[in-house]
**Student:** 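I'd like to ask some things about the structure below.
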Amino acid sequence: MSQPKTPPPLSAKDPSSFAYPTMKDRIPVILSKIVDHLTRNKLHITKEYGGEAAREELKAVIGAISELRHDVMTNKPAKPLRDSRHDAPLWNAQLEKQLNLKREEDEMHRTEQVKGEGLRWFDDAWLWMECYLYRRVQEAFLMCTLLKDFDVFAQQKQDAFKNAFQSTSHLTMYLQEVINRFKEQVPEAEVKEYFVEFLQVSLWGNKCDLSISAGQVQSHDHNPVIHLKVLKHKLLIDESDAVYQILRKVFDTKGKPAQVDIVLDNAGFELVTDLCLAEFLITSGLASQIVFHAKSIPWFVSDVTLADWDWTLNTMSRMNHIAISELCERWRAYLEANTWTVELHDFWTMPNSYNEMHKVSPDLYACLSQSDLILFKGDLNYRKLVSDRQWDTTTKFESALRGFHPAPLCSLRTLKCDCVVGLRSGQVQEAEEEDENWMINGDWAIISTCEHRET
Ligand SMILES: O=P(O)(O)OC[C@@]1(O)O[C@H](CO)[C@@H](O)[C@@H]1O
Ligand SMILES: [Mn+2]
């Protein structure tokens with residue numbers, strides 16, 4: 001396949017890109033909410049984290065986040081990280097590399113007035129700057145001793161989970177029925193129907209992301225399975241069948257069920273939908289091993305950390321709800337038996353697109369190469385799969401992966417930013433006629449897959 005020329009990355013220097021309102025409005029709001037949360041909870045945090053010393057640290061954190069907010073709003077150059085977390089040298093080396101690339105480009109296009117040194121919020125690649133922003137938020141805490149492991153987003157993630165109790169109740173009771181159904185032989189057509197249902201519930205679980213809503217917890221009391229029918233026409237690309245065939249084929253090639261990797265996105269209800277999908281994959285026999293990939297630091301407000309994983313399972317296991325508590329017992333058993341494992345890797349919280357993984361983190365690329373199917377959840381993962389470029393929307397998904405083929409993979413993504421590939425020609429117009437914000441409001445989605453493997 002002839003490779004299309006790689007277009008430039010999305011950037012806030014383009015006022016028509018969602019990068020611009022993100023840098024101009026959304027990120028300052030997210031940073032203000034962090035300062036508000038810390039200020040409002042000063043007494044509680046001071047008490048819980050060690051008295052006067054914690055109060056002093058809290059003051060420093062609030063100062064650092066306020067300064068970061070001012071830096072974004074006044075387009076100051078990015079600074080090297082000062083904390084001693086083990087990923088800081090890699091971040092700073094990448095910052096230097098981006099700077100050198102920028103100098104070379106400025107040399108080449110001398111026409112542009114060089115705005116002075118540095119990567120800037122409103123000038124450079126949105127993906128790089130936005131990932132760097134969340135790592136700078138972490139830096140403020142990592143500079144502390146008592147507060148270094150504080151997750152400033154934890155409360156919002158926990159509220160989001162509690163807020164979704166109705167949907168969680170509907171989904172888990174439905175899953176219990178399906179588990180009972182599989183006590184007998186289930187015809188192939190029915191297995192596939194259930195697969196598509198749980199895959200699409202997990203997809204739409206991605207609408208619940210707190211950074212897009214700048215922390216506003218969305219309430220939902222609908223039944224997620226019934227709701228699929230309403231959402232169907234907003235599924236712009238639906239390759240569910242192809243994803244199912246990838247799993248079926250594993251039996252023929254390996255003679256046993258698949259290993260499925262799930263690169264998680266948001267905590268809260270989205271994590272519940274991912275756990276239910278993973279349960280279905282084991283119950284149906286489509287998979288015998290699930291590897292979940294979580295984040296090693298708080299990320300993009302709502303992404304799942306190990307602490308969120310533990311909190312969610314502990315909270316569910318204590319809920320007075322028969323389906324939820326029975327499912328939690330199954331899930332604890334899967335974790336005990338290593339049928340389910342949860343892994344962390346710093347690459348997931350670096351700024352790199354996934355076509356750079358084999359260079360930056362060859363160990364992770366090798367680990368993903370063991371998988372039979374990698375499910376990437378959410379918008380940020382999609383952006384990293386396609387390098388956050390301004391592709392022509394009819395570009396093939398495989399081309400946009402730019403050689404990232406550790407194993408057959410699938411993106412389950414609701415659209416929250418202005419980059420998308422794999423559409424039919426004319427599909428953009430159809431969506432625009434119905435919803436001018438179709439690319440950024442999370443109401444539209446895609447299920448895109450690429451079966452190619454290159455280790
Ligand atoms: O990955 P997720 O949780 O689906 O979305 C991440 C996100 O909220 O952050 C970026 C914009 O700030 C976009 O990628 C997207 O809107
Ligand atoms: Mn997210």
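Each ligand, and each atom within it, is numbered from 1 in the order the structure gives. In this chain, numbering begins with 1 at the start of the sequence shown.
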**Student:** Thr22 heavy atoms, cut-off 4.0 Å: which ligand 1 atoms fall inside?
**Tutor:** 12 (O)
**Student:** Just to verify, which of Tyr382, Phe376, Tyr365 counts as forming a side chain to side chain contact (heavy atoms under 4.5 Å, CB included) with Tyr354?
**Tutor:** Phe376
**Student:** At the Mn ion (ligand 2), what angle lies between atom OD1 of Asp303 and atom OD1 of Asn266, rounded to 10 degrees?
**Tutor:** 80°
**Student:** Can you sort out the partners of Thr74 under side-chain hydrogen bond (donor to acceptor under 3.5 Å, both in side chains), two or more places apart, ordered by chain and number?
**Tutor:** Lys76
**Student:** Regarding His345 and Ser296, is there a side-chain donor-to-acceptor distance under 3.5 Å anywhere?
**Tutor:** no
**Student:** Side chain, backbone, both or neither: which part of Asp379 comes within less than 4.0 Å of ligand 1 when only heavy atoms are counted?
**Tutor:** both
**Student:** Looking only at heavy atoms of Trp126, does any of them come nearer than 4.0 Å to an atom of ligand 1?
**Tutor:** yes
**Student:** Is it the side chain, the backbone, both or neither of Glu130 that has a heavy atom closer than 4.0 Å to ligand 1?
**Tutor:** side chain
**Student:** Side chain or backbone, does Leu380 bring an N or O within less than 3.5 Å of an N or O on ligand 1?
**Tutor:** yes
**Student:** Between ligand 1 and Asn381, is the shortest N or O to N or O distance under 3.5 Å?
**Tutor:** no
**Student:** Any ion pair linking Glu356 and Lys359 (charged N to carboxylate O, less than 4.0 Å)?
**Tutor:** no
**Student:** Is it the case that His452 and Glu454 place a side-chain donor and acceptor less than 3.5 Å from each other?
**Tutor:** yes
**Student:** Just jot down the ligand 1 atoms closer than 4.0 angstrom to any heavy atom of Gly378, in number order.
**Tutor:** 4 (O)
**Student:** I'd like to know whether Asn100 forms a side-chain hydrogen bond (donor to acceptor under 3.5 Å, both in side chains) with Glu104, so could you lay out the CA-CA distance, the side-chain angles of the two residues, the decisive distance to 0.1 Å, and finally the verdict.
**Tutor:** CA-CA 6 Å; Asn100 292 334; Glu104 283 159 26; over 6 Å; no
**Student:** As a test of reading the structure, name the N/O/S atom of Asp265 that is nearest the Mn ion (ligand 2).
**Tutor:** OD1
**Student:** When only distance counts, is Ser302 in polar contact with ligand 1, meaning an N/O pair under 3.5 Å?
**Tutor:** no
**Student:** Is it the side chain (CB and beyond), the backbone, both or neither of Arg26 that lies under 4.0 Å from ligand 1, heavy atoms counted?
**Tutor:** side chain
**Student:** Taking Asp303 as the fixed residue, which of Lys377, Lys295, Lys157 is the one that meets the salt bridge (charged side-chain N to carboxylate O under 4.0 Å, His left out) rule?
**Tutor:** Lys295
**Student:** Which atoms of ligand 1 sit under 4.0 Å from any heavy atom of Asn206?
**Tutor:** 4 (O)
**Student:** What I want to check is whether the side chains of Glu197 and Tyr174 have a donor and an acceptor closer together than 3.5 Å.
**Tutor:** yes
**Student:** Show which atoms of ligand 1 fall inside a sub-4.0 Å distance from at least one heavy-atom site of Asn266.
**Tutor:** 3 (O)
**Student:** Taking only residues two or more places apart in sequence or in another chain, which ones pass side-chain hydrogen bond (donor to acceptor under 3.5 Å, both in side chains) with Glu57?
**Tutor:** none
**Student:** Mark up the atoms of ligand 1 that fall under 4.0 Å of a heavy atom belonging to Lys416, in ascending order.
**Tutor:** 2 (P), 3 (O), 4 (O), 5 (O), 15 (C), 16 (O)
**Student:** For Phe300, counting its heavy atoms only, list the atoms of ligand 1 lying under 4.0 Å from any of them.
**Tutor:** 9 (O)
**Student:** Between Ile440 and ligand 1, which residue portion shows a heavy-atom distance shorter than 4.0 Å: side chain, backbone, both, or neither?
**Tutor:** neither
**Student:** Does a side-chain N-to-carboxylate-O contact under 4.0 Å join Asp87 and Arg85?
**Tutor:** yes
